[in-house]
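Every chain is numbered from 1, with letters handed out A, B, ... down the list of sequences.
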2 protein chains.
Amino acid sequence: MSFLGKLRFKDQTFKLRENAILDATTKLLAAKGFDLITMDDVADEVGLSKPSLYKHFKSKEDLVTEAMIRLVDEALAYLEQQPDTMSPLERLRCLLEWALRVRLGGGMPFLPSTSAHVRAFLTQSLRYVTRALKLHRLLDQVVSDAKRNGELASELPNDVILYSFYSRTCDPAVEYLRLYGKYDDDAIVAHMQSVCFAGIGTRPRS
Amino acid sequence: MSFLGKLRFKDQTFKLRENAILDATTKLLAAKGFDLITMDDVADEVGLSKPSLYKHFKSKEDLVTEAMIRLVDEALAYLEQQPDTMSPLERLRCLLEWALRVRLGGGMPFLPSTSAHVRAFLTQSLRYVTRALKLHRLLDQVVSDAKRNGELASELPNDVILYSFYSRTCDPAVEYLRLYGKYDDDAIVAHMQSVCFAGIGTRPRS
DNA sequence: AAATAACGCTACCGTTTGGTAACTTATAAA
DNA sequence: TTTATAAGTTACCAAACGGTAGCGTTATTT
C-alpha cells in the first residue's frame, strides 16, 4: 500500500468517526436538548472517551454547531434534488414531510433552537448563518412563487408563512400525537401537513 | 390588634411573597427555560436569599410545578369567565389571543414543556395533571361543539386539533416574528390566529 | 530493532448549582 | 428584662459537568 494510500485511509477513518460523533450528537440533541446533553453522553453513545471528542471538536458549542450545519446542508441537498417539475406548493409539502420523518426517526428539527443560548452561539457561527440564510432565501423564493400560483395565502406576508412553516417542522404536537394519539408515522405526517396548510378551521368543500 | 389578626397578617405576607416568587419563576421560565434557571436567579429576582426560597418550595421541580399549576389555573379561570353567548370558535380564538398576549408580555406558554425532564416531573404531580386534564376536557368539548357548528374542520380528529391549538400558544414563530419581523403585538396575534385556523395555504375568497 | 509519532484513555481540575447547616437578628411572650 | 421562637442570611457541601494534562499503547519509520 502506498504512502498516500495510507494517509487517505487515516483521513477516511477520521472522517467516518467524525460523522459517527455528529450522528450521536444529533440523536441526543433530538432526545434531550442541548442543556441536558453531557460530553460524556456523546462519548459513550459513539463509543469513545471524552478527550477523544475534543480531538475533533474544540467545545460542546462547536460540536452542536457542526451538527446543525450538517442538518441544514441535508435540507439544502433535499431541496436541490427536487425535480423541476414540482410545483412550489409540492416542494414545501415534501420538504415538510422530509423534516417530519427525520424527526420521527429520531433526528432533530432544523429550526434554530428555542434556547436563547443555542441561538446565540449559532448566530455567531458564520458558516451556520451563511447556510441558514441560503436556505431561507431559497424558501422565500418558493413561497413567492407559490403565492403567484395561488397556492399559498397571498394575504400573509412571506415571513409569517416561512416562520410558521419552520415551526411546523419542530411542532411539539408531533410528540403528543405519537405519545398520546397512537397514530403511526404516516398518519402524523398527513395530519401535520393538513394543519400546516389548511389550519384547524373549516375547509372549503372539495 | 388581636392575636388572630397578627397571625392572619403573617399568613398574608407569606402568601404575597409566595406569589412574588411564582411571578419571578414564571418570568425566568419564559426567558431562559427550566435548565438555565438557577435558584439563585429566582432568589435575586424576587429579592430574597436562596434558603428563603426553600422555606416556600422544597425543590426546584416543586417550584416550577407550582408555577405551572398557577398558569393552568389562570387559563381555566379565563375560560370560565367567557360569556355564554360566545361561539365555540370565538372561545378558542380568544383563548389563543389571551395565551399569546401572556407570552408577548413575558409570560410563558401553558403547554407542558418540550423538555423531557420537565414533562416527567409535571406528569408526576397529581395536582398538575388533574388541572391539565380538566382544561383538556373542557377544550375537547369546545372543539366538539365547534365541529358540530361547522366552525372547525370535521375531517380532523379532536386530538389533532387540540394539540395543534396548544402548540400555537408556544409557537416559536412568535419569537421570530418579534425579533426579525418587526411586527407589533397586535399584528403578531392576528397573524398567528390566521395561521392557526386557516393555515398558510390559499383561503376561500370571502 | 530502536526511535518516534499518533492515538486513546484514566484521572484530574475548576466551576457551577441544587440544597443545607448553623449563626444572627428581630420579634413576641412572660 | 429575659427567654423562646421564627425568619433570613452567610457560608458551606456534594455532585455534575466542561475541559485538560499526561501517561500507556500501538503503529510507523529508519
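Side-chain atoms of A/Glu90 come within 3.5 Å of backbone N or O of A/Ser87 as a donor-acceptor pair. Although no hydrogens or angles enter the test, the distance criterion places no donor-acceptor pair under 3.5 Å between the side chain of B/Arg103 and the main chain of B/Ala99.
Rounded to an integer number of Å, the gap from CG of A/Asp35 to C1' of C/dG18 is 16 Å. B/Leu53 places its CG atom 14 Å from the C1' atom of D/dA7, with the value rounded to the nearest Å. Residue B/Leu48 contributes atom CG, which lies 15 Å from atom C1' of D/dA6 at whole-angstrom precision. In this structure, B/Lys58 atom NZ and C/dG19 atom P are separated by 10 Å, rounded to whole Å. Distance OH (B/Tyr54) to P (C/dG18): 6 Å, rounded to an integer number of Å. In this structure, A/Asp44 atom CG and D/dC17 atom P are separated by 11 Å, rounded to whole Å. Atom-to-atom, NZ of B/Lys60 to C1' of D/dA15 comes out at 15 Å; the value is rounded to the nearest Å. The distance from atom CE of A/Met39 to atom C1' of C/dT16 is 17 Å, rounded to the nearest whole Å.
Here B/Thr38 lies in heavy-atom contact (under 4.0 Å) with sugar-phosphate atoms only. Nucleic acid contact for A/Leu63: none, since no nucleic acid atom lies under 4.0 Å from a heavy atom of the residue.
For B/Ser59 and B/Lys55, each mapped to the nucleotide of DNA chain C holding its nearest heavy atom, the one lying further toward the 5' end belongs to B/Ser59. Of the two residues contacting DNA chain D, namely A/Lys50 and B/His56, the nearest-nucleotide position lying further toward the 5' end is that of B/His56.
A donor-acceptor contact closer than 3.5 angstrom links the side chains of A/Ser194 and A/Arg203.
When the side-chain nitrogen and oxygen atoms of A/Ser52 are compared with OP1 and OP2 of C/dC7, none of them lie within a distance under 4.0 Å. One finds no side-chain N or O of A/Arg17 lying less than 4.0 angstrom from the OP1 or OP2 phosphate oxygen of C/dC7.
When all heavy atoms are compared, the tightest approach of B/Glu151 to A/Thr202 is C-OG1, 3.0 Å. Pairing each heavy atom of B/Leu156 with each of B/Ile161, the nearest pair is CB-CG1, 3.8 Å.
Comparing atom distances between the A/Glu61 side chain and each of C/dG18, D/dT10, D/dG19 picks out D/dG19 as nearest.
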